[in-house]
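Down below is the structure, laid out as C-alpha cells.
Any value given below was found using the heavy atoms of this structure, including those in side chains, with hydrogens, waters and symmetry copies removed. Here the structure is a predicted model, which means the values were calculated and not measured. Counting convention: from 1, in listed order, for ligands and their atoms alike.
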Amino acid sequence: MSSEIRKSEIVEELKLGAIPQHVAIIMDGNGRWAQSRGKPRIFGHQKGVQSVRHVVEAAADLGIGILTLYAFSEENWGRPKAEVSALMKLLETYVIKEREKLHKGNVKFRVMGNLERVPVRTRKMVLDTQQYLEGNTGLTLNIALSYGSRNEIVYACREIARKVQSGDLTLEEVTTERFSEHLWTDGLGDPDLFIRTSGEQRVSNFLLWQIAYSELWFSQVYWPEFRKEHFYEAIRSFQSRKRRFGLVLED
Ligand code: FPP
C-alpha cells in the first residue's frame, strides 16, 4: 500500500474522533538538528520550512480550524544578525512561493506579534499575503512573528486601561472574555492542543493566557524531521484525553 493511501486512511480514521479546532506549535530544534549534522543553524531553519508545509497540509486535511506556528519570538531578536536575517528571508520566500498553493487550498493567513520591529520588506510581504488570502474560509494559518506573550498581555492591559480611563469601558465590563478580545489572538479561540517539538518541555512565552486549558504534547522529534505522522500522533493523543476544564465529568 502506498504511503499516501495509508495517510489518507489515517486521516479518515482520525476524523471519526474529536478534531482540535485550534492547534499551536512551538517548532523547536532547528539549530540542534543542523549542528548535530555539522551544518550551520540556518540549514536547520531551511529544512524546517519543509516541515511547515507538511503540517499545514495535514492540518487542512484533518479539518483543523486554526494552526498557530511560533515562527519568531521577541526574544529571537537577540540572535546573531545573520540568523535573524536568514529567518526573515525564509519567511518572505515562504509567503511568496506558497501563496498560490495556500489560496488553492482555501487557507487563510494571519500574522500576529509586535510587527513594528519586523523589517519593512518582510512586514509588507506577510501583510500582503494576509490580505490576499483574507477571503478564504478553510484552515487559518496564524504565524506568530516577533511574538511575546507577556508583551501581548501588557498591550491588552494598556488598551483596556485607556478605554476605562476614557469611559468606553467600565471596570465591571473587564471580564476574561473582554480581556481575550484585546489579545492578538482575538477571534481565534484558545488552542485545544499545544505541541512543542525537540524534547524541550517549556512554554517559552508563547500564548500564556490562551493555553490555560490546552492539552499539551511534547514530541522528541526535532522540527526539521517533524512529519505528518508525528502530527497524527499528537492528534491521536489529544483524542484519548478527557478534557474536564476544571469540572467533574459523568462517566
Ligand atoms: C526554533 O528552533 C525555531 C525557530 C526560532 C524558527 C522557526 C522557523 C522556521 C521553521 C522557518 C520559517 C517559518 C515559517 C512559518 C515559514 P531553534 O533555532 O531555537 O532550535 P534550537 O533550540 O535547536 O537551537
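Listed by chain and residue number, nothing satisfies the ring pair (Phe, Tyr, Trp, His ring centres under 6.0 Å) test with F109 (two or more places apart in sequence, or in another chain).
An N or O contact shorter than 3.5 Å links G31 to ligand 1 by distance. Every N/O-N/O distance between Y70 and ligand 1 stays at or above 3.5 Å.
Ion pairing between E225 and R37 holds under the 4.0 Å rule for side-chain N and carboxylate O. One finds a salt bridge joining R162 and E159 here, because a Lys/Arg side-chain nitrogen approaches an Asp/Glu carboxylate oxygen to under 4.0 Å.
Within the 4.0 Å heavy-atom criterion, the part of I143 lying near ligand 1 is the side chain and not the backbone. In R79, the part holding a heavy atom less than 4.0 Å from any atom of ligand 1 is the side chain. Counting heavy atoms under 4.0 Å from ligand 1, residue W223 touches it through the side chain alone. Under 4.0 Å from ligand 1, the heavy atoms of R41 that appear belong solely to its side chain.
Aromatic ring pairs are classed by plane angle as parallel below 30°, tilted from 30° to 60° and perpendicular above 60°; the pair F245 and Y213 is tilted.
Nearest protein heavy-atom contact of atom 21 (P) of ligand 1 is R32 NE, 3.6 Å. For atom 4 (C) of ligand 1, the closest non-hydrogen atom on the protein side is H45 CE1, 3.9 Å. If you check which protein heavy atom lies closest to atom 12 (C) of ligand 1, you get V49 CG2, 4.1 Å. The nearest heavy-atom contact from the protein to atom 5 (C) of ligand 1 is N76 OD1, 3.6 Å.
With distances taken over non-hydrogen atoms, the option nearest atom 9 (C) of ligand 1 out of L90, N30, L141, D28 is N30.
Close approach of ligand 1 to Y94 is summarised as follows: ligand atoms under 4.0 Å from at least one heavy atom of the residue are 16 (C). In the vicinity of L87, heavy-atom distances shorter than 4.0 Å reach the ligand 1 atoms 6 (C), 8 (C). The atoms of ligand 1 that sit less than 4.0 Å from any heavy atom of M27 are 1 (C), 2 (O), 3 (C), 7 (C), 10 (C). Within ligand 1, counting atoms from 1 as listed, the ones closer than 4.0 Å to a heavy atom of A71 are 6 (C), 7 (C), 8 (C).
Checking S214 against D190 by side-chain atom types alone, no donor-acceptor pair falls below 3.5 Å. R227 and S51 share a donor-acceptor pair across their side chains, judged by distance under 3.5 Å alone. For the residue pair T129 and R99, a side-chain donor N or O sits within less than 3.5 Å of a side-chain acceptor on the partner.
Within the model, atoms CG of L193 and CD1 of I211 stand 11.5 Å from one another, a figure rounded to the nearest 0.5 Å. One finds the OG1 atom of T137 at 8.5 Å from the NZ atom of K108 (value rounded to the nearest 0.5 Å).
For the ring-ring contact (aromatic ring centres under 6.0 Å, His included) condition, the pairs that include at least one residue of residues 11-48, sequence neighbours left out, are W33-F43.
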